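Below you'll find the structure, written out as structure tokens, and then a few comments.
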Amino acid sequence: MSRQIARLEDFLGLMLFNRVKGRLHLTDRGRDYLVQITEDLDRVELHTQRLQALPERGVLELAVIPTFTNKWIIPRLPHFHAKNPGILINMSERPEPFLFSETSFDAAIHYDHPAWTGMIKKNIFSEELIAVCSPRLAGGRRALNLDEMKSLPRLHKRSRPYAWKKWWDHFGTSGINPTEGAQYDLFSMAIEAACAGLGVALVPRLYVNNEIERGDLITPHTHRLSGEKSYCVVFPEHKHGSWPLTPFLDWLIHESQEYIRQRAVHDECLSEPVSVRKAPRRPAIVGGR
């Protein structure tokens with residue numbers, strides 16, 4: 001050990017230890033050096049353990065937008081893992097577009113955005129915003145007319161300041177300030193506020209399936225704001241055809257096509273006159289499960 005210490009001190013050109021009566025004591029510079037390299041060695045150990053824990057078939061590193069991932073991707077992942085055992089999927093929140101060259105991500109599940117130019121992009125589906133509120137706020141009614149909708153406090157996602165304006169513009173409504181109301185950074189916050197009876201919120205349809213099924217929320221009006229944003233998966237060209245990204249993409253596209261089909265059937269069912277609807281034609285949209 002003493003020989004190794006001497007070699008290290010010779011390499012560094014400074015004394016790391018004081019020798020007192022045959023015992024070694026760290027110098028001040030040696031103590032600072034110990035703190036610094038201990039952190040580095042801990043990181044090396046952590047990365048080594050992670051490498052040893054990797055499954056044989058591979059790891060997929062995904063950058064994701066959180067609420068869409070929580071509500072639509074994660075509930076479906078057991079089906080993917082059942083067909084693809086051994087593939088590990090790591091997810092990290094990235095609310096804004098980024099440069100793949102500066103990260104270790106294989107792909108991103110995100111909104112379509114001009115910043116993704118030059119990347120390979122696979123569309124998932126377009127977003128639909130619907131109005132939701134607590135049944136208590138609607139006085140126990142299941143539907144409201146436009147005049148009644150005007151009287152409800154409006155809840156906003158901060159990054160969508162004109163969503164309610166577009167919703168009201170569809171009806172050519174005047175005499176209303178559509179931007180009034182509380183603002184929230186996340187759709188999940190606006191949804192919770194709507195459940196609490198604080199107002200009516202415009203939120204992605206697939207985010208509130210569970211709340212509507214439980215009766216925590218109702219859709220007081222049938223008008224939808226379509227095509228506000230589109231969900232997609234993007235990845236750099238050199239990842240095309242790579243493993244395990246390829247089986248994940250195949251599964252994701254299949255799931256999105258099935259969701260679109262179920263959504264269309266559900267809408268067709270609801271558009272039929274009540275007298276001709278049949279109970280078996282009422283499939284559940286599983287977007288929030």
Side-chain angles (χ1 to χ4, degrees), residues 64-73 93-97 108-116 123-138 141-212 216-232 256 259-260 263-264 266-267 270 285 287-288:
V64 300
I65 45 179
T67 309
F68 176 71
T69 302
N70 292 339
K71 291 288 188 177
W72 198 84
I73 299 290
E93 177 185 355
R94 288 296 186 276
E96 301 295 335
I109 298 174
H110 220 279
Y111 293 118
D112 194 3
H113 193 280
W116 300 125
N123 293 323
I124 302 177
F125 46 74
S126 296
E127 179 184 79
E128 280 188 332
L129 300 185
I130 62 172
V132 293
C133 69
S134 165
R136 300 188 307 276
L137 190 67
R141 299 177 60 188
R142 306 299 298 180
L144 301 176
N145 60 38
L146 290 180
D147 287 336
E148 291 167 329
M149 288 288 291
K150 287 181 182 180
S151 68
L152 299 181
R154 284 172 289 280
L155 308 176
H156 305 266
K157 187 175 188 291
R158 196 179 302 275
S159 63
R160 310 284 187 94
Y162 301 111
W164 270 115
K165 182 180 185 303
K166 293 178 181 178
W167 194 91
W168 283 105
D169 283 349
H170 173 80
F171 302 101
T173 304
S174 59
I176 182 175
N177 183 354
T179 62
E180 284 183 346
Q183 299 183 9
Y184 299 90
D185 279 347
L186 302 175
F187 275 126
S188 58
M189 296 178 180
I191 291 169
E192 288 302 315
C195 288
L198 297 179
V200 57
L202 273 180
V203 299
R205 174 181 179 178
L206 64 88
Y207 289 6
V208 288
N209 286 331
N210 284 346
E211 289 80 359
I212 291 173
D216 296 336
L217 292 173
I218 63 167
T219 53
H221 200 281
T222 58
H223 179 56
R224 303 165 189 153
L225 198 59
S226 300
E228 278 293 283
K229 290 195 175 184
S230 295
Y231 303 107
C232 65
S256 65
Y259 174 79
I260 293 170
R263 189 169 67 181
H266 183 269
D267 290 347
L270 292 183
I285 294 180

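Please read all numbers here as calculations on a predicted model, not as lab measurements.
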Where [X] and [Y] come nearest, the two heavy atoms and their spacing:
X	Y	value
His223	His221	N-ND1, 3.1 Å
Thr69	Ile65	OG1-O, 2.7 Å
Leu225	Ala163	CD2-O, 3.4 Å

I'd like to check the side chain to side chain donor-acceptor pair (under 3.5 Å) partners of [X]; sequence neighbours left out, ordered by chain and number.
X	result
Asn177	Thr179
Asp112	Lys121
Ser230	Ser126

Legend entry - Spatial distance of atom NZ (Lys71) from atom CG (Asn210) [nearest 0.5 Å]: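 Between atom NZ of Lys71 and atom CG of Asn210 there are 6.0 Å.
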
Legend entry - Spacing of Trp72 atom CH2 and Leu206 atom CG [to the nearest 0.5 Å]: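 CG of Leu206 is found 8.5 Å from CH2 of Trp72.
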
Inset, instruction - Give the intermediate values and the outcome of side-chain contact (heavy atoms from CB on, under 4.5 Å) for residues Ile73 and Val64. - result: CA-CA 10 Å; Ile73 299 290; Val64 300; over 6 Å; no

Legend entry - Results of salt bridge (charged side-chain N to carboxylate O under 4.0 Å, His left out) for Glu148 - residues two or more places apart only: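 Glu148 satisfies salt bridge (charged side-chain N to carboxylate O under 4.0 Å, His left out) with Arg141 only.
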
Legend entry - His110: which of Phe68, Tyr231, Trp116 passes ring-ring contact (aromatic ring centres under 6.0 Å, His included):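 Option passing the ring-ring contact (aromatic ring centres under 6.0 Å, His included) with His110: Trp116.
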
Side chains of residues 129-137: which donor-acceptor pairs under 3.5 Å do they make with residues two or more places apart or in other chains?
{"from": "Ser134", "atom 1": "OG", "to": "Arg136", "atom 2": "N", "distance (Å)": "3.1"}
{"from": "Arg136", "atom 1": "NH2", "to": "Cys195", "atom 2": "O", "distance (Å)": "3.4"}
{"from": "Arg136", "atom 1": "NH2", "to": "Ala196", "atom 2": "O", "distance (Å)": "3.4"}

Inset, instruction - Can you run down the salt bridge (charged side-chain N to carboxylate O under 4.0 Å, His left out) pairs that involve residues 156-168, sequence neighbours left out, and say none if there aren't any? - result: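 As it turns out, the salt bridge (charged side-chain N to carboxylate O under 4.0 Å, His left out) pairs with a partner in residues 156-168, which skip direct neighbours, are Glu127-Arg160, Arg158-Asp185, Lys165-Asp169, Lys166-Glu228.
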
Got a sec, which residues hit side chain to side chain contact (heavy atoms under 4.5 Å, CB included) with [X], two or more places apart in sequence or on another chain?
X	result
His156	Arg154, Trp164, Gln183
Thr173	Lys150, Trp168, Phe171, Ile176
Ser226	Glu128, Arg224
Ala182	Leu155, Tyr184

Is any side-chain heavy atom of [X] less than 4.5 Å from a side-chain heavy atom of [Y]?
X	Y	result
Leu144	Val200	no
Thr67	Ile191	no
Pro66	Phe187	no

